[in-house]
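This report refers to the structure that appears directly beneath it.
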Amino acid sequence: MDSSMPFALLLALLIPILLHFVIRRKYSSYNLPPGSLGFPVIGQSISLLRALRSNTDYQWYQDRIKKYGPVSKMSVFGSPTVLLTGPAANRFVFSNQDLIITETKAANALIGQSILTLSGEELKQVRSALQGYLRTEMVTKCIRKMDEEVRRHIDLNWVGQKTVTVAPLAKRLTFDIICSVIFGQGAGPIREALAADFKKMVQAMLSIPVNIPFTKFNKGLSASRRVRKVLRQIARDREAALQQGHSSSADDFFTYMLVLRSEGTHSLTVEDIVDNAILLLLAGYETSSVLITFLLRYLANEPDILGKITEEQEEIARYKGPDEPLTWDDVSRMKYTWKVAMETLQTVPPIFGSLRTAIKDIEYQGYHIPKGWQVFTAIIITHLDANFFDDPNKFNPARFHNQSSVPPYCFVPFGGGPRMCPGNEFARTETLVAMHYLVRQFRWKLCCKDEGYRKDPARQVAHILRLERRPVAVRQRASFPSCILPAGRPPNKQAAQAMPFSEELRQRRKYSSYNLPPGSLGFPVIGQTISLLRALHSNTDYQWCQDRIEKYGAVSKMSLFGSPTVLLAGPAANHFVFSNQDLIFTETKAINALVGRSILTLSGEELKQVRGALHGYLRPEMVTKYMRKMDEEVRRHIDLNWVGHKTVTVAPLVRRLAFDIICSVIFGQGVGPIREALAADFETMVKAMLSIPVNIPFTKFNKGLNASRRIRKVLRQIARDMEGALQQGYSSSADDFFTYMLVLRSKGTHSLTVEDIVDNAIVLLAAGYETSSVLITFLIRCLANEPDIFGKITDEQEEIARSKGPNEPLTWDDVSRMKYTWKVALEILRTISPIFGSFRTAIKDIEYRGYHIPKGWQVFHAQSITHLDGKFFNDPIKFDPTRFDNQSLIPPYCFVPFGGGPSMCPGNEFARTETLVAMHYLVRQFRWKLCCEEEGYRKDPLPTPVLGLPIELETRTPPEYGSLGFPLIGQSISLLRALHSNTDYQWYQDRIKKYGPVFKMSLFGSPTVLMAGPAANHFVFSNQDLIFTQTKAINTIIGRSILRPEMVTKYMRKMDEEVRRHIDLNWVGHKTFKVAPLAKRLTFDIICSVVFGQGIGPIREALATDFETLVQALLSLPVNIPFTKFNKGLSASRRIRKVLRQIAREREATLQQGHSSSADDFFTYMLVLRSEGTHSLTVEDIVDNAIVLLTAGYGNSAVLITFLLRYLANDPDILGKITEEQEEIASSSGPNEPLTWDDVSRMKYTWKVALETLRTVPPIFGSFRTAIKDIEYRGYHIPKGWKVFTAQSITYLDGNFFNDPVKFDPTRFDNQTSIPPYCFVPFGGGPRMCPGNEFARTETLVTMHYLVRQFRWKLCCKEEGYRKDPLPMPVLGLPIELETRSPP
């Protein structure tokens, strides 16, 4: 035995060497990539491993690229290998079916017969099973287990420790999660038996695969056998449990795979399942443990990023109970944390590279890659390339704010394309769950800031990363939202009285040892109150705040309204105030005395009960129920106070309107003595809310207290009446506030007395009164100075009104459509905040930015500080509603008119709704101008125009417009000439310049209104009183029309066959021909085959010529004189109808005889629906609709394909990009394999070019609708029966909507959301979107796929123009010279 050992070792070394030289000779005739295979077996393995361990692998790759280029050969881990670099290489590797995922020889030996070694049908079965197990729905079921494992791990290994070594703990955590979640093994001996051996296996994964004792590979094999033994026993136990019927759960991996096997999904043995289980362990173990480790490492050095992550996690935690586990929704909200994780993956990829094996000889960039060779890509090569990532070595999570800006296949931590790792959601979820608990419980610093790391095989921290634990107080949910009323109150039970001077001085001495913010408390009781009130009255409060910030910084102390106060400024301060549970919502002492024992003074369980009740009462579902009452109050108010008046003073009227709405909607009090008794006193009470709380006769505060008592008396009586009605069973409605609260009390939801309910009713009055009245007042002021904005709001409101009857009230859906009006309102709220600031009271000593805020002190922040800050809002003084087009661009907590976070005002929907209802009726009935354009405003405490905003009113009346022209003919000939000469756009512009964007004319025998612009498009496509129609000629020729969308995916194979047949017959072998007629015939053939089931033959040929004649007659004058276009079209229509009628009769007979069950073709489909009672159309009706389908499908696609080819002939760069996209799709299919729906879905760039073609040359020159009743647009009447016409090119070529509109630029469709709504409508819009758009898109893309891959072409006549007759067509039919493309 001993004497044979040296011989065996020698033989083990010699055989690989001999094989190595045989391999070299075998491939001598191949065009292999440059490079060297190095020393037999070893090759470049040692060199690469050294680079990995010294963390110089990126430089190692760069040296090879510099020496050999982006493609080079080498030998690593015992196999000849080709190194590919760059995004194109990543795409090639992840998308090529001839490259199967593999591992090193060492890994294959350690793992066994897993998915890595399978192929063919067996590979497909197992891959599908693994993807099914790791799908998102399965991960969501695992979150509770993940949560438990993370908490257990932290309690066991982190809590109570001063220092910890992160890397091994992170590895053990991910190992435990996998064991628990995937294998169903909790803490215990089985898990412990796996842990140590698994670590040895991982260390051996990249070792040289020579099984010599004491090597890493040898130790790893031994560990693998032991791991396999343990897992085999688990699998056998699960199998036995299933056979005995004791288990039905398929949550763990073994049970899942065994259940699938019993269902015949795969035929793996238990041993095979164990091998795949080891693969799952390895795959799940590496990525997450490395990611968590380096996340903690980066966060130790990035306190700002750690702070933002903590804020995000605390926000999530605030909505959960103390021990409530995380859910999938919680994880989905961890957006910023995952951006930081992605940046970690970008700078430190867990997997150093990807290995694939070629299953046949393949080629890349002209080099051969022989069958059996490995292909290797290193993720870090693109991750750290400055061509793709700006300043790639800088840790910057912001680069992932817009992930679409990262070029494809440059960031591939989880693979890409069809090779995306199926476990990426699992890894993401366990990482985020772990970070949630770590950042909320600890702060840490590195014990060794200069600690490096190495890769062996995943990234390892070289000297072990040590963290120092520092517990952090966990913040919880803040109290009642900030904006339901003006601001704060201390938590005492009685109304606060002014603090005696001696008491305030004692308080000042008490805090002398605190690190208080800079500033001064000023004179006792008064402090800075008078100074602030002067600033508010003179409208200089923003400057007042800025002066303090400049003098003391963003945190300063002062005294306001009798209480020591800390002023906080900036978004971080807003977030702190709205989110901190130790700051309770409060008000000035004056407000507390005026309001009484409301939610402002409650705490604990009582606060929770009342807050829940108020939230419930003001939720959107309740607001929808109040719409009719709001509508009635607004109409009544306008009829009483605005109609018939030449001048009105807006501010007092709007305050009364807001008050009346609240009285009617919330308290159920309509017009009458009770409402009048409340109105005057309420105005007095509001004025006293910011007064100094000293009760001296004739002061504001004294008058306010007296008014408050009278209001309380009235409301108390209302509440008693409601209570009596409930007790006697006379009332069951809970729509008004008093009844709602009394009903809740009877159910045990709260225990408030009637007096308490009255106090909270006063809070609702105050809160609802202020915001809306100020907002509506300043909206009216703004619109007087901004006629363009006024016009856009009017357009929007008229659009809504057109869909309603004359006296029909607004609905919730109507209000939801007032998007532009609300953007203007938001800009008003930004520039003139109704509430000048918000108060909170500290219920215990707290800290902010190192300063102490003592218990009982107030915290004050003013919205205008961020609202008017140029750092957050560009040109903040400018009034610009478009800044709210994309509200996600506004930094968090910079715009807080209704509070923020958990303190968002629950009444914001109520305020929004009453504002929009009021504006709807005002802008539609009146125009106005300011009586005093120089009128300023002051805050007392609400912003109010100094003179109350007097305005001059004018009732709207419509002007005259346009001309109907000569009877019957009208402007038809003029328009047709413009269409034929391709000057229709100028034709429209000339008339818009003369008459405006709405004018009357006569087209094709009908009085017609032309409307221009996006608002007009929206109106036409959305109005139910405008039905889809065509000219009289079209209706006469076609008949009744019903357009139905079909399932395009079912037609893909037929489309593919028709396109290939067409190209083989009409393109292949031809040098020149005309595109236009071929494109028309192609689309015609596709419709005949796909929609009508008519292949090549006499029926199709009988239709073709007549159909062309019919199309040419569609826009003719409807006068049936021999030899006119209309006459010829009618004759052709009769012949087409005869042919289609025969097809329909044959389908009907076949169905009746039971010989057909397919409903794929149109006639069978319609006949089957008729037999089921879906419709009652006759065969003649069905034929009419068949002609509609022919017409609709024929035009758009033929024009689009024609002009696509025309543009591509002039733009080789765009043609090249389209070809690359189509070749990429073709590379994933067999030679004659037809295109699929997924293939078409990937043709994104080709479709962008098609969209730009549709924009520059719209196939349909315009759209006609008929008014089915008298309607109104922009104040103009459109009589019943008149046509409405919109022309797409009016907006398509308008520089206001499309930059440089004459330029052909497909990139303008990279972000289609940037195109204003209803400016690009090639297939209609809104509820009138063309149902055939997917059909047209699909046949266009299928056609372009085969054309660009087979041919190149150039125009025979570069100067050829085009005309519209009625479709746009090149004058000469677009003759081209064709060249068959030979692949490079």
Side-chain angles (χ1 to χ4, degrees), residues 97 99-135 138 142 175 178-185 190-191 193-194 197-198 200-202 204-205 209 211 217 220-244 246-286 355-357 359 372 415 419 421-423 426:
Q97 293 182 342
L99 288 172
I100 62 169
I101 189 166
T102 186
E103 273 293 356
T104 64
K105 291 183 178 179
N108 287 333
L110 293 164
I111 295 172
Q113 183 73 17
S114 71
I115 190 174
L116 301 181
T117 62
L118 301 177
S119 60
E121 187 60 29
E122 198 172 18
L123 171 63
K124 185 177 179 182
Q125 291 174 357
V126 179
R127 181 193 294 150
S128 175
L130 290 179
Q131 287 175 334
Y133 183 69
L134 291 168
R135 67 188 188 276
M138 291 293 285
C142 306
F175 178 83
I178 295 168
C179 282
S180 174
V181 171
I182 296 184
F183 302 144
Q185 290 300 317
I190 294 178
R191 188 190 287 184
L194 288 169
D197 282 331
F198 187 67
K200 291 177 182 176
M201 269 185 66
V202 171
M205 294 286 289
N211 190 8
F217 182 68
L221 277 177
S222 301
S224 174
R225 284 190 287 270
R226 292 190 294 271
V227 168
R228 187 172 280 101
K229 182 179 178 181
V230 173
L231 295 183
R232 190 184 299 117
Q233 186 57 48
I234 297 173
R236 296 292 184 199
D237 293 343
R238 296 288 192 279
E239 187 175 34
L242 276 173
Q243 290 171 351
Q244 295 169 22
H246 297 158
S247 174
S248 61
S249 171
D251 288 348
D252 72 271
F253 178 71
F254 291 112
T255 307
Y256 177 83
M257 293 298 285
L258 291 166
V259 167
L260 287 186
R261 187 179 70 176
S262 69
E263 295 171 352
T265 304
H266 65 80
S267 56
L268 297 185
T269 64
V270 168
E271 195 68 33
D272 297 333
I273 294 172
V274 166
D275 288 339
N276 283 285
I278 294 175
L279 178 64
L280 277 184
L281 264 173
L282 287 167
Y285 175 81
E286 293 177 355
L355 286 163
R356 297 288 194 281
T357 297
I359 59 173
R419 301 295 173 82
C421 170
F426 189 96

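Values in this document were obtained by computation on a predicted structure and should not be read as measured data. Positions are given from 1, in the same order as the sequence printed here.
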Is any side-chain heavy atom of [Y] closer than 4.5 Å to one of [X]?
X	Y	result
Arg226	Met201	no
Thr357	Leu99	no
Arg228	Leu231	no

Quiz item: Asp237: what forms a side-chain contact (heavy atoms from CB on, under 4.5 Å) with it, not counting sequence neighbours?
Solution: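 So Asp237 forms a side-chain contact (heavy atoms from CB on, under 4.5 Å) with Gln233.
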Quiz prompt | Partner set under side-chain contact (heavy atoms from CB on, under 4.5 Å) for Ala235, not counting sequence neighbours | solution = Phe254, Val270, Val274
How many angstroms lie between [atom1] in [X] and [atom2] in [Y], if you round to the nearest 0.5 Å?
X	Y	atom1	atom2	value
Ile273	Ile278	CD1	CD1	12.5 Å
Ser262	Gln243	OG	CD	10.0 Å
Lys200	Ser222	NZ	OG	8.5 Å
Leu258	Phe253	CG	CZ	9.5 Å
Leu194	Ile178	CG	CD1	11.5 Å
Ile234	Lys229	CD1	NZ	13.5 Å

Quiz item: When you look at Glu239 and Arg261, which way does the salt bridge (charged side-chain N to carboxylate O under 4.0 Å, His left out) test go after all the steps?
Solution: CA-CA 11 Å; Glu239 187 175 34; Arg261 187 179 70 176; 2.7 Å; yes
Quiz item: Where is the tightest heavy-atom contact between Val181 and Phe426, given as atom of each residue plus distance?
Solution: CG1-CE1, 3.6 Å
Quiz item: Residues in ring pair (Phe, Tyr, Trp, His ring centres under 6.0 Å) with Phe198, at least two apart?
Solution: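 Phe175, Tyr285.
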Quiz item: Excluding sequence neighbours, so at least two apart, what forms side chain to side chain donor-acceptor pair (under 3.5 Å) with Gln97?
Solution: none
Quiz item: What residues, two or more places apart in sequence or in another chain, satisfy salt bridge (Lys or Arg N to Asp or Glu O under 4.0 Å) together with Arg225?
Solution: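 Arg225 satisfies salt bridge (Lys or Arg N to Asp or Glu O under 4.0 Å) with no residue once adjacent residues are dropped.
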